[in-house]
Amino acid sequence: MTAGQTDTAYRNPVLNADWSDPDVIRVGDDFYLTASSFGRAPGLPLLHSRDLVNWTLVGHALERLEPEAEFTTPRHDCGVWAPSLRHHDDRFWIFWGDPDQGIFQVNAPEIRGPWTRPLLVKAGKGLIDPCPLWDDETGEAYLVHAWAKSRSGVKNRLTGHRMHPHGTELLDEGKVIVDGDRIPGWFTLEGPKLYRHDGWFWILAPAGGVETGWQGAFRSREFFGPYEEKVVLEQKDTDVNGPHQGGWVRTPSGEDWFLHFQQRGPYGRVVHLQPMSWGAEGWPVLGDDGAPVAGHRRPDLPPQPPAAPATDDDFPGGRFGRQWTWTANPKEGWATQHSADGLRLTCVRSADAHDLRGLPHVLTQRLPGDPCTVEVELRLDSEEPGARAGLTVLGDAYRWIGLQRGADGTVHLVHRFAETVADRERDADHPRPAPGGRALLRVDIGAGARCRFSHDTGDGFRPSGQVFAATPWRWVGALLGLVAVAPTGQGHAGTATFTRFRISTPAYG
């Protein structure tokens with residue numbers, strides 16, 4: 001049983017890592033969730049659950065970001081923002097906004113695919129957080145979206161469109177259906193999710209900013225309004241800051257639940273599950289009378305074995321698990337399949353070898369939200385002078401520990417870092433010999449994502465450098481990463497092999 005969960009109750013967060021901007025649906029007895037993936041590939045993660053508490057990662061809906069030329073280098077806070085997941089006409093649909101391109105859509109007959117190539121439904125700057133609705137009562141289809149002021153100069157409003165039932169195009173120029181500037185005290189209204197319930201059109205949408213805001217509900221008898229509004233979830237006296245942006249789902253027995261995120265600095269946006277009911281005046285009531293719950297009775301669903309998205313990896317045959325994503329669209333040859341276990345990464349030649357933040361070939365996964373220890377074994381096979389590989393905690397500032405081949409052919413254990421404002425990395429500790437070109441690398445991650453690096457080159461673990469506070473990007477939490485890189489030059493620069501990647505957490509009583 002995972003920390004804090006029992007057979008009859010659960011504790012929040014139910015997904016304690018950066019599953020940003022979640023949306024959720026039920027199809028039969030199965031629940032599915034997707035989340036923002038920003039500039040990483042593959043994108044649009046797909047999670048599955050039978051009880052809304054235990055989730056596993058079953059795939060991705062987006063193999064590569066498009067237009068491909070825009071994502072050959074890292075764009076950590078761009079790309080896939082706030083997707084909406086729906087099931088209609090025996091197909092799964094995901095709509096999302098790329099703030100620099102417009103509103104995209106993909107669909108598939110099954111959650112595991114095959115998913116269509118992205119279709120640009122509406123081009124434009126600053127079009128974000130789209131959500132479709134197929135109205136079974138009338139046969140009409142609609143779409144609502146928000147605005148990113150950084151691209152459009154506009155925010156704090158929701159625009160509605162009529163949509164072709166095939167989901168391929170919008171049928172009008174759109175109309176502002178909720179203007180947050182006209183609601184006293186409301187700002188940064190975004191992230192709408194659109195529903196039909198009890199004769200009303202409902203929009204569940206947050207406002208007030210991801211770290212300090214609240215969750216709102218809007219209702220109207222007509223899609224284009226006018227809408228009434230109500231705050232339905234806010235921090236109150238809890239420690240859940242800015243309960244923000246998520247989706248409503250109903251179980252087969254008729255229970256209602258709401259999944260939303262909480263911004264937790266370097267951990268990114270972790271996912272909470274709130275009970276949901278309908279009050280006397282027909283408004284949704286979330287959590288404990290509008291306050292987030294730290295824990296609650298489990299949903300009335302069949303018991304399920306404990307589960308969580310995978311983290312550990314033995315890299316069988318050189319293949320990596322679904323939990324890993326590149327920091328940009330990948331190129332063939334970055335990872336090589338072979339007959340044994342272990343991830344064989346090419347030491348990719350790069351003019352940006354001095355700064356991991358600019359490398360597209362860093363293989364990453366989410367930073368766990370609980371204290372943990374991360375370990376991986378590394379062998380530097382490359383004979384190229386200057387070739388290096390290692391384990392990183394990557395964000396707007398970063399550190400990494402690993403191995404580097406010297407000009408004289410020897411291999412040293414190195415530990416490097418870069419501050420947020422720095423344009424290249426520096427040593428975080430003195431290089432040390434690494435006999436045989438091997439090392440066991442470790443990061444102990446404590447409260448507040450404070451990271452202590454250490455290494456074992458054959459004579460036991462030794463600490464290295466100072467404690468490092470993991471640093472998020474603007475919208476993305478810090479990432480764990482594996483990387484192999486070499487200076488510019490001619491020819492293949494060789495490889496590095498990572499084995500037995502493990503994340504362990506303290507035992508709970």
Check: S20/D18 side-chain N/O donor and acceptor closer than 3.5 Å: no

Is R91 reaching over with its side chain to a backbone N or O of R86, donor-acceptor style, under 3.5 angstrom? no

Begin from the C-alpha positions of W334 and T346 and carry the test side chain to side chain contact (heavy atoms under 4.5 Å, CB included) through to its verdict. CA-CA 5 Å; W334 286 356; T346 298; 5.6 Å; no

Between R250 and D256, does any NZ, NE, NH1 or NH2 come within less than 4.0 Å of an OD or OE carboxylate oxygen? yes

Compute both the distance and the angle, then confirm whether R196 meets the cation-pi test with F201: under 6.0 Å from the six-membered ring centre, within 45 degrees of the axis. yes

Is a side-chain donor or acceptor of W55 paired with a backbone partner of D51 at a separation under 3.5 angstrom? no

Could you check, using the six-membered ring where one of them is a Trp, whether F218 and W186 have ring centers closer than 6.0 angstrom? yes

side-chain hydrogen bond (donor to acceptor under 3.5 Å, both in side chains) for T373 and D444? Distances and angles first, verdict last. CA-CA 4 Å; T373 296; D444 292 298; 2.6 Å; yes

Please check: side-chain N/O of N54 versus main-chain N/O of A307, any donor-acceptor pairing under 3.5 Å? yes

Does R366 make a cation-pi contact with W19 (under 6.0 Å, within 45 degrees of the axis)? yes

Side-chain donor-acceptor pair under 3.5 Å between Q263 and H244, yes or no? no

Backbone N or O of L273 within a donor-acceptor pair of the Y10 side chain at under 3.5 Å? yes

Centres of the F320 and W326 rings: under 6.0 Å? yes

So does E190 get a backbone contact from the side chain of D129, meaning a donor-acceptor N/O pair under 3.5 Å? no

Relative to each other, are the rings of H415 and F453 parallel, tilted or perpendicular (30° and 60° limits)? tilted

When you measure from the side chain of T159 to the backbone of V176, do you find a donor-acceptor pair of N or O atoms at a distance under 3.5 Å? no

Mind telling me whether F224 and Y142 have parallel, tilted or perpendicular rings, with 30° and 60° as the class edges? perpendicular

Before we go on, tell me: are the rings of F104 and W96 under 6.0 Å apart, centre to centre? yes

Using the side chain to side chain contact (heavy atoms under 4.5 Å, CB included) rule, take Q274 and N12 through it: C-alpha gap first, then chi angles, then the decisive distance, then the call. CA-CA 9 Å; Q274 302 295 336; N12 277 318; 3.9 Å; yes

